[in-house]
Amino acid sequence: QVQLVESGGGVVQAGGSLRLSCTASGRTFSSYAMGWFRQAPGKEREFVAAMDRTGGSTGNANSVKGRFTISRDNAKNTVYLQMNSLKPEDTAVYYCAARYSLYYSDYAGNYDYWGQGTQVTVSS
């Protein structure tokens, strides 16, 4: 069992930055590929970024490429999402997710554990 707790959300003006953190319980964090997803009101949950369990491979949604960066610190059981040049359309609840695999996925159904989400609001 893995418990994930996100933090770092908030309200920011367009063009600003935020860094989200997701800390996992347990001693096997390095066994999990990690991902970030988001869900805006009235929309389906969508892939944002993900990283394999070693940190050697990452993937990003086209909508965030060049602006968002995922990273992880296995010693701290934490995955991060650095978000720069934020836009109003980035407004959503952001979730981190853990997949018991070497490889990450951009499909939410492939993840085993989810955090409770953290709200990000970008004002214009």
Side-chain angles (χ1 to χ4, degrees):
Q1 187 79 10
V2 175
Q3 292 186 328
L4 304 173
V5 179
E6 301 100 334
S7 61
V11 180
V12 63
Q13 288 189 333
S17 298
L18 283 174
R19 188 176 80 155
L20 305 183
S21 300
C22 172
T23 300
S25 64
R27 299 180 179 180
T28 60
F29 179 72
S30 59
S31 298
Y32 291 83
M34 299 298 296
W36 286 96
F37 292 77
R38 66 186 182 187
Q39 188 166 19
K43 295 188 177 181
E44 294 187 352
R45 191 169 298 191
E46 66 173 2
F47 170 72
V48 175
M51 171 175 278
D52 72 6
R53 70 184 186 194
T54 71
S57 179
T58 64
N60 291 280
N62 288 334
S63 59
V64 306
K65 280 182 179 176
R67 300 189 299 123
F68 291 11
T69 303
I70 187 171
S71 61
R72 67 189 293 162
D73 185 338
N74 285 348
K76 295 182 178 180
N77 283 10
T78 301
V79 62
Y80 305 96
L81 185 67
Q82 178 66 44
M83 305 186 294
N84 299 328
S85 302
L86 282 160
K87 304 175 181 180
E89 51 263 44
D90 294 319
T91 295
V93 177
Y94 283 71
Y95 300 89
C96 73
R99 181 186 190 211
Y100 188 65
S101 173
L102 169 62
Y103 305 106
Y104 68 82
S105 172
D106 62 3
Y107 175 55
N110 284 338
Y111 286 80
D112 303 297
Y113 301 100
W114 291 83
Q116 81 289 349
T118 185
Q119 176 70 47
V120 171
T121 302
V122 184
S123 61
S124 57

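In what follows, every heavy atom counts, from backbone to side chain, and hydrogens, waters and symmetry copies are set aside. Residue numbers run from 1 in the order of the sequence given.
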Atom OG of Ser105 and atom OH of Tyr111: how far apart are they, to the nearest 0.5 Å?
5.5 Å
Cys22 pairs by side-chain contact (heavy atoms from CB on, under 4.5 Å) with which of Trp36, Tyr94, Tyr95, Tyr80?
Trp36
Grab the two heavy atoms, one from Phe29 and one from Asp73, that are nearest each other, plus how far apart they are.
CE2-O, 4.1 Å
Distance from Gln82 atom CD to Leu20 atom CG, nearest 0.5 Å?
9.0 Å
Are Phe68 and Leu86 side-chain neighbours, meaning at least one heavy-atom pair lies under 4.5 Å?
yes
Without hydrogens or angle criteria, can the side chains of Thr121 and Thr91 be said to hold a donor-acceptor pair below 3.5 Å?
no
Do Arg38 and Ser63 have side chains that get closer than 4.5 Å, going by heavy atoms?
yes
CD/Gln13 to OG/Ser124 distance, rounded to the nearest 0.5 angstrom?
9.5 Å
List the atom of Val79, the atom of Ser71, and the distance in Å for their closest heavy-atom pair.
CG2-O, 3.1 Å
All heavy atoms of Gly9 vs all of Val120, minimum pair found to be CA-CG2, 4.2 Å
Minimum heavy-atom distance Val5-Gln116, with the two atoms named
CA-OE1, 3.8 Å
Spacing of Met34 atom CE and Leu81 atom CG [to the nearest 0.5 Å]
11.5 Å
Considering only heavy atoms from C-beta outward, does the side chain of Gln1 approach that of Tyr113 to under 4.5 Å?
yes
Main chain of Gly55, side chain of Arg72: is a donor-acceptor contact present, judged purely on distance under 3.5 Å?
no
Could you state whether Val2 and Ile70 fall into the same hydrophobic cluster, counting links through intermediate Ile, Leu, Val, Met, Phe, Trp or Tyr residues with side-chain heavy atoms under 4.5 angstrom apart?
yes
For Gln3, look at atom CD and say whether over 12 heavy atoms of other residues, nucleotides or ligands are found less than 6.0 Å away.
no
Pair Asn84, Ser17: side-chain N/O donor-acceptor within cut-off below 3.5 Å
yes
Quick one: is the NZ or CZ of Arg45 closer than 6.0 Å to the six-membered ring centre of Phe37, and within 45° of its axis?
no
Nearest 0.5 angstrom please: Asp52 CG to Tyr104 OH, how far?
8.0 Å
For residues Leu4 and Leu18: do they belong to one hydrophobic cluster (side chain heavy atoms under 4.5 Å, members Ile, Leu, Val, Met, Phe, Trp, Tyr)?
yes
Side-chain contact test, heavy atoms from C-beta onward, threshold under 4.5 Å: evaluate it for Val64 versus Met83 and give yes or no.
no
Going from CD on Glu6 to SG on Cys96, what distance comes out if it is rounded to the nearest 0.5 angstrom?
4.0 Å
Establish whether Tyr100 and Met51 are linked, either directly or via other cluster members, by ILVMFWY side-chain heavy-atom contacts under 4.5 Å.
yes
Any idea which heavy atoms bring Trp114 and Ala108 closest together, and the distance?
CZ2-O, 3.4 Å
Test item: Arg53 and Ser30 side chains (from C-beta on) under 4.5 Å apart, heavy atoms:
no
Least distance between heavy atoms, Ser21 atom then Thr78 atom:
CB-CG2, 4.3 Å
